[in-house]
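Notes for the one structure printed next.
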Protein chains: 2
Amino acid sequence: MVDAQAQVRPGGRSAKVRAAVHHAVAQLLAEEPAEALTIPAVAARAGVHPTTVYRRWGSPAQLLGDVATSRFSGDVVVPDTGTLTGDLERWLGDVATDLADPDTLALMRAAIGSGPDGGCACIGDRHEQLSAIIERERSRGGRAPEMENAVDFLLGPLYYRAIFSAQPASSDWARELVATFLAAPATASAGEQPAGGLRPSTVELQGPASG
Amino acid sequence: MVDAQAQVRPGGRSAKVRAAVHHAVAQLLAEEPAEALTIPAVAARAGVHPTTVYRRWGSPAQLLGDVATSRFSGDVVVPDTGTLTGDLERWLGDVATDLADPDTLALMRAAIGSGPDGGCACIGDRHEQLSAIIERERSRGGRAPEMENAVDFLLGPLYYRAIFSAQPASSDWARELVATFLAAPATASAGEQPAGGLRPSTVELQGPASG
DNA sequence: AAATTATCGCACTGATCGTTGCGTTAGTGG
DNA sequence: CCACTAACGCAACGATCAGTGCGATAATTT
């Protein structure tokens with residue numbers, strides 16, 4: 001990562017340039033396909049000299065990774081509603097709302113296709129947040145689903161729709177997804193077994209569209 | 001799509017050039033990041049003149065779309081094991097095996113980030129195949145899950161892991177995913193309600209890795 | 001407040017990309 | 001077997017990109 005902002009000189013000018021470049025990247029991705037994201041184009045949009053972008057970020061891939069990391073960090077907070085269901089519904093709803101923005105979606109799609117770490121920059125925080133929600137529920141003494149399952153059946157469907165569907169999932173759909181995931185009867189015998197399951201027949205799972 | 005092969009002159013030379021270019025694209029994507037997929041690079045690898053690639057495909061995005069469409073069509077066949085569980089397990093296992101190939105994965109990641117239709121070329125056939133499996137089960141008189149749910153809870157986790165996880169899901173994991181999805185007790189009262197659910201607590205869902 | 005130094009803008013150069021016109025090759029049909 | 005034409009290779013051109021050295025600016029430190 002470049003992250004020159006926090007390294008040595010976080011002064012006003014560097015920060016302003018960084019913000020302008022980030023904004024330009026998001027703007028360009030929203031307008032044109034990802035392949036049009038060249039350094040000169042970004043620099044021109046940001047009102048910055050191309051040399052600056054070349055020196056600070058090097059390649060479009062690194063620039064994209066930096067923007068994605070910055071954009072997908074801190075924009076969604078972990079709620080504390082008092083219950084696992086409430087936390088998950090609110091959090092996944094916020095994530096879905098975030099992904100519903102076409103600009104954000106374009107950024108994520110572009111980040112997936114470029115860079116060595118793929119789109120990992122887009123979901124790094126999500127896993128930590130989800131893990132925090134599950135951990136909190138366990139600290140309350142409640143039964144929480146396994147992290148593996150929560151990722152597979154909450155983030156999986158949501159991001160699948162976001163990536164491959166023309167119309168991404170809505171916040172309401174995400175909340176219903178949480179309800180569906182948690183609504184399955186705990187077939188486990190021991191109380192140690194985590195809750196969380198799915199009964200797709202009783203809950204209306206019709207999202208906005210699936211492509 | 002260009003698809004010049006089936007349009008006017010499917011002669012030996014055109015087909016050979018097309019195959020060479022497709023192979024070169026897959027090869028380059030497996031070696032270098034997607035941004036290095038330039039027309040001259042592809043042409044040089046394929047042993048073809050760049051002008052040819054420019055004329056037939058125009059842009060790297062269209063070329064990628066053509067390659068993805070070709071690669072993700074026909075490589076997985078819809079099985080007929082006699083049961084819904086068997087069909088789904090075999091089919092999703094095949095899909096997972098296909099996605100486990102790093103070259104295929106790189107192609108899909110690149111296809112997502114480029115082109116107007118995103119990665120739709122990667123999953124167009126998958127939805128039709130899954131729908132065919134469900135339809136067949138219903139024609140047998142059995143209860144099959146809703147297409148929406150099957151996509152969300154089978155393709156969703158599988159593709160999520162493939163895209164965002166360093167180590168994609170294995171064929172065995174995919175089969176367990178099917179078993180888990182279908183294993184939930186049919187909480188519906190009427191027989192008309194589709195089967196398919198999830199009880200993550202009783203089935204080991206540990207995949208190879210999740211990042 | 002002055003010195004220091006990281007960062008940016010500018011001008012310049014080489015390299016690669018994208019495109020076009022034209023001749024050649026090789027499938028297709030009579 | 002011969003005419004026809006689609007597809008390819010070749011060469012050349014302009015345009016854009018990628019990279020470098022140097023001076024100017026501004027944030028940081030003393």
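Just so we're on the same page: letters track the sequence lines, and every chain starts at 1.
A salt bridge links B:Arg18 with B:Asp66: the closest approach of a Lys/Arg side-chain nitrogen to an acidic carboxylate oxygen falls below 4.0 angstrom. Look at B:Asp75 and B:Arg126 and you find a salt bridge, because one of the NZ, NE, NH1 or NH2 atoms lies within 4.0 Å of a carboxylate O, short of that distance.
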| remark: In 5'-to-3' order, the base (B), backbone-only (S) or no-contact (-) status of each nucleotide in nucleotides 15-21 of chain D, using a 4.0 angstrom heavy-atom cut-off, is --SB-BB
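Listed by chain and residue number, B:Asp172 satisfy the salt bridge (Lys or Arg N to Asp or Glu O under 4.0 Å) test with B:Arg175 (two or more places apart in sequence, or in another chain). Residues satisfying the salt bridge (Lys or Arg N to Asp or Glu O under 4.0 Å) criterion with A:Arg140, sequence neighbours excluded, are A:Asp80, A:Asp87, A:Glu137. Partners of A:Asp101 by salt bridge (Lys or Arg N to Asp or Glu O under 4.0 Å), not counting sequence neighbours, listed by chain and number: A:Arg71. Legend: residues meeting side chain to side chain contact (heavy atoms under 4.5 Å, CB included) with B:Ala100, ordered by chain and number and at least two apart, are absent.
The closest donor-acceptor contact from the side chain of A:Ser139 to the backbone of A:Arg136 lies under 3.5 Å.
In this structure, the CZ atom of B:Arg18 is 17 Å from the C1' atom of D:dA6, given to the nearest Å. B:Trp57 has its CH2 atom 16 Å from the P atom of C:dT19, to the nearest Å.
Ring centroids of B:Tyr160 and A:Tyr159 are separated by less than 6.0 Å, placing the two rings close together.
One axis for each end of the helix from C:dA1-D:dT30 to C:dG30-D:dC1, each built from five base pairs, and the angle between them comes to 50° at 10° resolution.
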